[in-house]
Amino acid sequence: MLELKNISTRYGNIYALDRVNIKIKKKEIVTIIGANGAGKSTILNTISGILKPVNGTIFFEGECISLKETDFIVSKGVVQVPEGRQIFPHLTVLENIKLGAYLRKDKTEINRDFDYVTTLFPRLKERFKQAGGTLSGGEQQMLAIARGLMSKPKLLLLDEPSLGLAPIFVRSIFDIIKEINKNGVTILLVEQNARMALSIADRGYIVETGHIKLEAKAKDLLTDDSVREAYLGI
Amino acid sequence: MFETIVHQLLNGLIVGSIYALIALGYTMVYGILRLINFAHGEIFVVGAFAGLLATMIFGDSFIIAIIFASITSVLLGLFVERVAYRPLRDSKTSTIVFSAVGLFAIVFVAFLSQNTIFDLLTSILFWLGVLFLVAIILWLVRSKSYLKSRSSNSRINALISAIAMGIVISNMIALIKGPDREVYPKLIPEVMFNVFGITVSLLQLFIISFSFVLMVILYIVVNKTKVGLAMRAVSYNLVAAKLMGINPDKIISFTFAIGSLLAAIAGVLVGTYYNIVDINVGMMYGLKAFIAAVLGGIGSIPGAVIGGVILGVVEVMGVAFISPSYRDAIAFGILIFILIVKPTGLFGSNTKEKI
């Protein structure tokens, strides 16, 4: 479904990604784990077209999207829920959700997705008129995911959804990610919480200083000694 | 005495409405790009002249003048955005090369618009001075660039570009139509009303109410429509807005178009109110509207309206009760005062710059 071939991205003269290859099949949950600054978010931002790769190509459903603008990529169904939520704090919860459907014109389907999102996150419904910035961290993460789902994603890119959340929220966010995946959305999940991410993922990539160091089934990564030592703290 | 005060209040309200219409353009562009569009005052003047041209061709019709002025100014506003600002947002264009081209354009236009050899020489000297100054600023900016983030660096470039664009446009007007003032026709019938002993003209009422209606429409567009929602999203967080599938370039163009439209209408209103239009008013009205926007809190739409009205009323009161020669001093005094006491303005939010 999505394929990154030899992708290199740089900030100024510094390479953040060096010949990265990633492949994601339909309906999969794939996770990218790695330390701070390894290049996880850079991978997602390169896929989304926020950053332009200096080398390599990205194919989504057979179409080359590597030098396209973000709005085009979103319209194809590649939707990112960015790190730190990045909801619009001054806009109301409802306006934030509406913005997710910015590119869509199919009114009836938008309404259906809206109902789906509000049943997935009933807490948000109580807070429609509130400014997004007044929500708690966990609620903001829900809002960010809800907003992403309103863009009708085929592939949902999630950047650190558990960042800064209370453990109880972490569990429910991961449950929701699984549920979204069951409803047919392919998921690329970037996480520092490697154990949680690997427990719900089919496959995992380990990133280190801009390289893919290892790629394997999530089960195998959970039992791999070097991975356990470096990322699972055992 | 009471009658004079009410009369001056009315005058102030009219001047203030004009300032507010122009200030809205500044504040909306600033809200989205964090850029003071210093060419905005010239877009206002071009609107006034385009309206005048329309009345010469099609006769004295207010509606035709407004439509013609709006189209011209909107096209010019979009052109300025496309030529002077967008290339600076793309990292691909070298900003230094770009600035050099801009400066060359200024010098070229300045040469063309001079009449005598003496004018030409002084103008060369003047522009060499400007060139030197800008070169120094650029050099300072560059040599300190390792201290600053890339965005603040390109913001200074955009500011220089904006000032250059303003100079180019004002010289282009002088070049195309000559530097003389022109008489503006009365586009609204002269009817006087007597309200509680105070004479009010139809034109005065019209300017105030028309501006008010425009502001209400703008409020609805920004707060109740999809494109308005996108505008607000882009102004809060550009990257997040992109991830929603919003094309920021389109929204920025739209913002410039609205600002230019309001400026064009203000231009026609000023022309028909004072019956005269001068190519040099652009800078002064532009600066006053900028002060109004800062006073209200730059980036805030209600702030621009309130700031415009306050500035207009204070200025007119100052003219009436202190001295007409203090008119500009009062306005700039307000600017200095607000920058010292409350730099965020009346309605501005205190957003801390991220480093």
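Quantities reported herein were computed from a predicted structural model and do not represent experimental measurements. Here is how names work: the chains are called A, B, and so on, in the same order as the sequence lines, proteins then strands, and each is numbered from 1. Hydrogens, waters and symmetry mates are skipped; everything else that's a heavy atom, side chains included, is used.
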Listed by residue number, which members of residues 95-108 of chain A have a heavy atom under 4.5 Å from any heavy atom of chain B? A:E95, A:K98, A:L99, A:G100, A:A101, A:Y102, A:L103, A:R104
Give the interface residues of residues 55-78 of chain A toward chain B, defined by a heavy-atom separation under 4.5 Å. A:T70, A:D71, A:V74
For the NZ atom on A:K178, are there more than 12 heavy atoms of other groups (residues, nucleotides or ligands in this structure) within a distance under 6.0 Å? no
Under a 4.5 Å heavy-atom criterion, the part of residues 118-138 of chain A in contact with chain B comprises none
Does NZ in B:K226 sit with more than 12 non-hydrogen atoms of other residues, nucleotides or ligands closer than 6.0 Å? yes
For residues B:R232 and A:L91, determine if any side-chain heavy atom of one lies less than 4.5 Å from a side-chain heavy atom of the other. yes
With a 4.5 Å heavy-atom cut-off, do B:L243 and A:P82 have their side chains touching? yes
Which residues, numbered in order, of residues 30-52 of chain A come under 4.5 angstrom of chain B by heavy-atom distance? A:S48, A:I50
Is it the case that atom CZ in B:F79 sees more than 12 heavy atoms from other parts of the structure closer than 6.0 Å? no
Shortest non-hydrogen contact from A:F88 to B:A233? CE2-O, 3.4 Å
